[in-house]
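Throughout, protein chains are lettered first and strands after them, A, B, ... in sequence-line order, and every chain is numbered starting at 1.
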Amino acid sequence: MLEEIQVTTALARLRAPAGAVRLLAFGAVGATGYVVNVGVFVAARAAGAPTLAASTLAFAVSAASNFALNTRWTFADVPRRPRVQAPRFLCVSLVALGATLLAVSALLGAGLSPLAAQICAIVGVTPLSFVLNRRWAFRPAAVAAWAPPAAEPLPGLRAMVVVPTYDEAENIEPLLTALGRVLGPRDRVLVVDDASPDGTGELADSLARKLGFVDVLHRPGKDGLGRAYVDGFRYALQRGARLVVEMDADLSHRPDDVPRLIAACDGAALAIGSRYVAGGSASGLSRRRQLLSRAGSAYARLLLGVRVRDLTDGFKCFRREALEAVLARPLRSAGYAFQIETTYRVARAGLDVVEVPIAFADRRAGSSKMSAAIALEALVRVPSLRVEATLAALRASARSSAWSRIAVAWAGSRLVVLGSAYLAVHGGVVHLQHHAQTGRTLVGPLVAWDGRWYTMIASRGYYFLPGRQSDAAFFPLYPIALRLLHLTGASIAWGGVVLSNLVLLPALVLLYELVRTWLPEADARRAAIYAAFFPLGFVFSMLYPESLVLALVSASFVALVRRRYALATIAGALAALGRPEAAFVVLPAALVVRRAWPTLAPRARAYALAAAGAPLAGVLGFALYQAAVLHAGFAYESAQSAWGRRFGLLGVQRALGELRHAGRIHDEWLWRDAAFLGAYLACLVLARRARVPWPWLAAAALIVVLPVESGSFTSIGRFGLLALPVYAGLAYAGRHRAVDLAVKLASASLLAAFTILLPLHWP
Amino acid sequence: VIRRVALPAAGAAAVLAAVTLGAAGLGSILRPPTPDVVLAAKELGVLDATRNGGALIVLAGRRLEARCSPDGRAALVSFGRADRILVRGTRVRSRWAVAPPLLAAAADLSGVHRLLAAELADRVRSTSHLLDGTVRWHGRRVLLLRIGGDRPRVDLLVDAATLRPVAIRFRARQFRGASTLLPPRLADGPLVDVRRIGC
């Protein structure tokens, strides 16, 4: 019987490719489809069909041809169900077509030739299309519909070792025999077999009869490691196991390590057999697989913030409550991402996770199930796990109420700004002055002034003219974002305005989280709402980097306080690439690191220090870029001088002189900026009373006072938008109901007025 | 101390170095300056560092000799005894009774370096198209740099090797002009104040 099964499988393997070969076969079918597409298109055009009709016909014929070939060759081992598979295949083809068009347009925008863009897009989109087809369109029906049978509870059962198998006939007997030697009398083993063509399931059945401590769960077909584990876990829980161990069947996990894992579960909800902690090892793996495994763990650790060294190995012992937490919601990973997802769920549930060093040895017999599709799934799944967890936490959190109020404030304030901008354009104000600059569209006033410089940098890069006003005076993050948006097909003006407005929402939420580290929750909420309606807050809707930098500065500091150093480093460096004011965050960041220092391990100290210094690294990076590309490392400073900003001992005196003559030189907005400087300083005094940490106050004071030292009050109102303690000071004052109401009314009115007057002069 | 302070500091320095390089590398998403812009920046350096003594001008069929001298932060251009213009930034003042377009053309053709530099900088800010090719001029290889806006069209001819301006061409709808630039005169002896020479 066993021989018969193996012969049939060998024939099937000749017809149906597997693993990476299947992906290549899928690519080959795609190539034939491309030829068919071109052929049909040319023939239809020659027959006089219009271009659109010819193109549609060509797509339909090539999709049909691809479907036929994939059904008969690439996925020949999957039972044919054309009524289900064909529409799904068509959907996937349309998605792939859309993704290819998007990628081609982006790559063309990046300067690639049409042929190179087409090749890159196809190479990038084919694996995606393959995974969708493999996991959805050509998923075996029997596997999809199958549900595991109910298991009888076994009183007194302590641990159950779950071992998924597929083509493990050579390993299953030595594994079960070795497990029998180390397991106790109240422990059992469950073999979960995916209808292995080599007869592993039948062999396991016979061994179960012989050994007496083995259960076998037969599944109808190969359906991914994750789903096999889930069925096994549910079975083990139904049997009443207090501890559930998962391990590979290929003997890469030593059965001798199982008792140590079980023992480690005494003090933790999950014990992970780890290759990458002291005492652990991984032998026999190729360098490529080792690199892939380590990189996968590092990638997941970075994105998920889980402090586990080995996230990708599947040798674990769960306590019952941990496994119940894992299975509380459906697990969506099927391949090796499953290991990451289960560990992440336990960690998110607040349960203890420990790592036990193990000696991992690569399989001695059989073949690895690792494939490009599995690696791709892990790559995509990890960020989505993070997003899902964050959304779930949000839904459960009390913050959601504050966040929703902030969202309302954001929407209301942007309505005020955009409505006022509309009035400015259509109410005739633009005609008074500068209409050539601002244009007569809604975004006209919002893309004026510095927005024009950012647009120029985004569209044609930097230029530097020594001694003259040039765009080297503008930091690169925002133009980079505009350029990336533009590559997707959006216009720079509209894309930038939409980006600024949308980013403001997370920026306000992050500001709220930041102020919560200084003041009570109600004050933090008020601070975020005041920031949304701040009189000069129209800048947050303009083609300016302020909202992006506000988000990044707040994110950087909140991450630092929460000891997410990698995130703090990235956000801090990016913030400083957006506006130089962000560099002042170094002061409060240094204080946070100094306080945390005694409790940090040496490695964490390095990361914390790096996070605190990241804004300076961002500024330095910009200087390095200017040195490399513009051949002038101090281009920023030189361009600033050309704009009239020169730091000197008599800077304040020059600024006051300019202010005295503001009326004569028709720059009345200087008075507004000087008034805002006074208001900012008053708010900082209030923030001091509210006990905002002094390094933050110092940073904010530098942000608003230092520009005066450069000889002008110009734009100080705008610079102060990033002096975050100002909002805290206002929120402190707003504790009195009357003050709160007055601040809100005055802010909203001034916000509307300043937006309407925006086209008149410098913001 | 090494384990508690020095090693973390070294680790942080390594991370920060990587972040700095990453931040610098992020800029590569933007387009690098075009060769025209790089050339213009160099030309501006030359215009800032050197001065023009005057020009032999042919404007709307009329021949003029312009002499140029500094006047405070402005440049005083004399066309004979009575006709003078004062060029400050991109503004031109004169009592000379000619039409404003001709006055602007005369100012351009007289080769005041500050004016040429301002127009070249304006051109860089509005477009990346600056170099209009290479031509032979009196046996020398010269570059044709477009300055100012598109109308009137002003070409600055600069020596390909030294980037020193040698000539200017002016084309408006109604008239055309050209000038050959003259180096500052140093014939007044060794005690001459160099700040009083050319503009």
Heavy-atom contact with chain B under 4.5 Å, split by part of [X]:
X	value
A:Tyr463	both
A:Leu574	side chain
A:Gln469	both
A:Leu577	side chain
A:Leu484	side chain

Legend entry - Partner chain A: residue of B:Val124, B:Val15, B:Val37 with the largest heavy-atom pair count (under 4.5 Å): B:Val124
Inset, instruction - Under 4.5 Å, counting heavy-atom pairs only, tell me which of B:Leu7, B:Leu26, B:Val19 racks up the most with chain A. - result: B:Leu26
Inset, instruction - Considering only NZ, NE, NH1 and NH2 on the basic side and carboxylate oxygens on the acidic side, decide whether B:Arg125 and A:Asp471 come within less than 4.0 Å. - result: no
Inset, instruction - Give a yes or no on whether a salt bridge exists between B:Asp48 and A:Arg468, defined as a side-chain N under 4.0 angstrom from a carboxylate O. - result: yes
Hey, which of [options] has the most heavy atom pairs under 4.5 Å with chain B?
options	value
A:Gly621, A:Ala628, A:Gly461	A:Gly621
A:Ile480, A:Val619, A:Thr569	A:Ile480
A:Leu630, A:Leu465, A:Leu624	A:Leu465

Inset, instruction - Would you kindly say whether A:His486 and A:Ser459 are connected by a side-chain donor-acceptor distance under 3.5 Å? - result: no
Legend entry - Flag side-chain contact, heavy atom, 4.5 Å: A:Tyr625 against B:Leu30: yes
Inset, instruction - State, yes or no, whether a side-chain contact exists between B:Cys199 and B:Leu76 at a heavy-atom distance under 4.5 Å. - result: no
Inset, instruction - Using non-hydrogen atoms and a 4.5 Å limit, figure out which bit of B:Ala117 sits close to chain A: side chain, backbone, both or neither. - result: both
Inset, instruction - Below 4.5 Å from any heavy atom of chain A, which atoms of B:Thr34 appear? Answer side chain, backbone, both or neither. - result: neither
Inset, instruction - Would you check if the distance from the ring center of A:Phe474 to the ring center of A:Tyr462 is below 6.0 Å? - result: no
Inset, instruction - Taking all non-hydrogen atoms of both residues into account, name the closest pair between B:Asn52 and B:Cys68 and its distance. - result: O-CB, 3.8 Å
Inset, instruction - Mark yes or no for whether A:Arg646, through its side chain, and A:Ser641, through its backbone, hold a donor-acceptor pair below 3.5 Å. - result: yes
